[in-house]
Structures are given as structure tokens and as C-alpha cells.
Enquirer: 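Okay, here's the structure, questions in a sec.
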Amino acid sequence: MTIQDYRDFMAEVLIEPDRLQTRVKELGAEISRDYQGHDLLLICILRGGVMFLTDLMRAITIPHAVDFMAVASYGAGARDSQGQVRITLDLTTSIEGRDVLLVEDIIDSGHTIASVLDFLSTRRPRTLRVCALLDKAERRLAVVPVHYRGFTIPDKFVFGYGLDLDEYYRNLPFIGVVQPDKVLPTS
Ligand code: IMP
Ligand code: MG
């Protein structure tokens, strides 16, 4: 397998590093104000949310804890999750009575986050909210509340800053758009 350089298939940089960092700092400030005096627990959905999570944690100025979970879509690949989501890695801490904020890289159809919200709400958190870096709002199929949103983006396949193409390119410090006519770069 040959892994291409991202420049071979990138159409454009959609969000530059500076804009990402500025927006993440704003979200961190907003979250710090809203959760002042509360038992804030950030839950990151692996793996796309990790880069956003670690920058967001640095931007949050109040004490908080973190935990991780992972989900997989049944059937079709990540580009068309069809609403069937399975928990592949569960939390290690109890969320009962706590103020839980889900940290996600991107909301597309909304099926993933809708399933995770259903699942977590059965464990009786005090509050349960969603913080998404990217929102492909026009693709939404499931109704999901997005309390904190980094950017609303068009219906294009994106990568970088935690988001992958076949598991690669998560390390890039910007959000890039794949050229529409390109097949996946690692095939
Ligand atoms: P949803 O269930 O349709 O909302 O899909 C959400 C998941 O699909 C995200 O957590 C991502 O893992 C993946 N995803 C959706 N759009 C993109 C994209 O443009 N680039 C990379 N991953 C994406
Ligand atoms: Mg993914």
C-alpha cells in the first residue's frame, strides 16, 4: 500500500489552523462560563475527536474530567452510517448525576451522536450536551441538539485535525477538502 501525500488529493484548505485555534478558544471560554461550579465531564468519541478534545481542554479554565468511548457503525462505512451504531469501547467512569459534555469531531447524518445520546441518557447524567467542531447541517437525518458548534460546513468530505481518510491524515493542523473525483488516497 502506498500512502499518498495529502497534496495529491486535496481540493482546498477549508479551515486554516489559526481559525481552528481561535474558534476552539472561544468554545473553551463559553464552556468555562456555562459550567462554572459544576462537575464537568468531557466525553470524547474516539478517534476523530481527540485533537479537538486536547485543544479544547487547554482552552477550558475550570476543573473538569475526561473519559473516552468508541462506536462503530453497522453495515456501510463511516460515510453512510445508516443509523445503526454499536458501542465498541465503553466509559470507565460513572456519569450518574454529572454534567456531561460529548465532544465530537463532526456531525453528519447525526445518527452516531443520536445513538450515543440515547445510550448515555439511560445512565442518568445530570445534564447531557453536545459540543461538535464541525456540523454538516444540510446532511442531517436524525434530530440532534448541538449546544456548542465550531463551524457549519458544506456537504464535502473533509479530513485533518482529527478527521481521517482510511485512518490517515488525522495529524494535519487544518481541515482540508478531498477532491470530489478522487478515490480514497490509501487504496
Ligand atoms: P453521522 O453518524 O452520519 O453523523 O457520522 C458521523 C461520523 O462519520 C463522524 O464521527 C466521522 O467519523 C464520520 N464522518 C462524517 N463526515 C466525515 C468527513 O467529512 N470526514 C471524515 N469523517 C467523517
Ligand atoms: Mg471517523
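Indexing begins at 1, ligand by ligand and atom by atom, following the structure's order.
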Enquirer: Could I get the full list of ring pair (Phe, Tyr, Trp, His ring centres under 6.0 Å) partners for Tyr6, not counting sequence neighbours?
Expert: Phe174
Enquirer: I'd like to know if Glu16 and Arg19 make a salt bridge, using a cut-off of under 4.0 Å between side-chain N and carboxylate O.
Expert: no
Enquirer: Has ligand 1 got any nitrogen or oxygen that is less than 3.5 angstrom from a nitrogen or oxygen of Phe157?
Expert: no
Enquirer: For Asp164 and ligand 1, does the shortest N/O to N/O distance drop below 3.5 Å?
Expert: no
Enquirer: For ligand 1, which atoms have a heavy atom of Thr112 less than 4.0 angstrom away?
Expert: 1 (P), 2 (O), 5 (O), 6 (C)
Enquirer: Which atoms from ligand 1 have a heavy atom of Leu163 less than 4.0 Å away?
Expert: 20 (N), 21 (C), 22 (N)
Enquirer: Counting heavy atoms only, which of Ala132, Gly48, Gly110, Ser73 comes nearest to atom 4 (O) of ligand 1?
Expert: Gly110
Enquirer: Compute the minimum heavy-atom distance from Glu104 to ligand 1 and say whether it is under 4.0 Å.
Expert: yes
Enquirer: At a 4.0 Å threshold, what atoms of ligand 1 neighbour a non-hydrogen atom of Lys156?
Expert: 19 (O)
Enquirer: Return the set of residues passing salt bridge (Lys or Arg N to Asp or Glu O under 4.0 Å) with Asp8 (not counting sequence neighbours), or none when no residue passes.
Expert: none
Enquirer: Report yes or no: do Asp55 and Tyr161 form a side-chain donor-acceptor pair below 3.5 Å?
Expert: yes
Enquirer: Does the side chain of Thr93 pick up a donor-acceptor pair with the side chain of Asp67 at under 3.5 Å?
Expert: yes
Enquirer: State the atoms of ligand 1, each with its element, that fall below the 4.0 Å cut-off from a heavy-atom position in Lys136.
Expert: 16 (N), 17 (C), 18 (C), 19 (O)
Enquirer: Would Arg98 and His38 count as having a side-chain donor-acceptor pair, cut-off 3.5 Å?
Expert: no
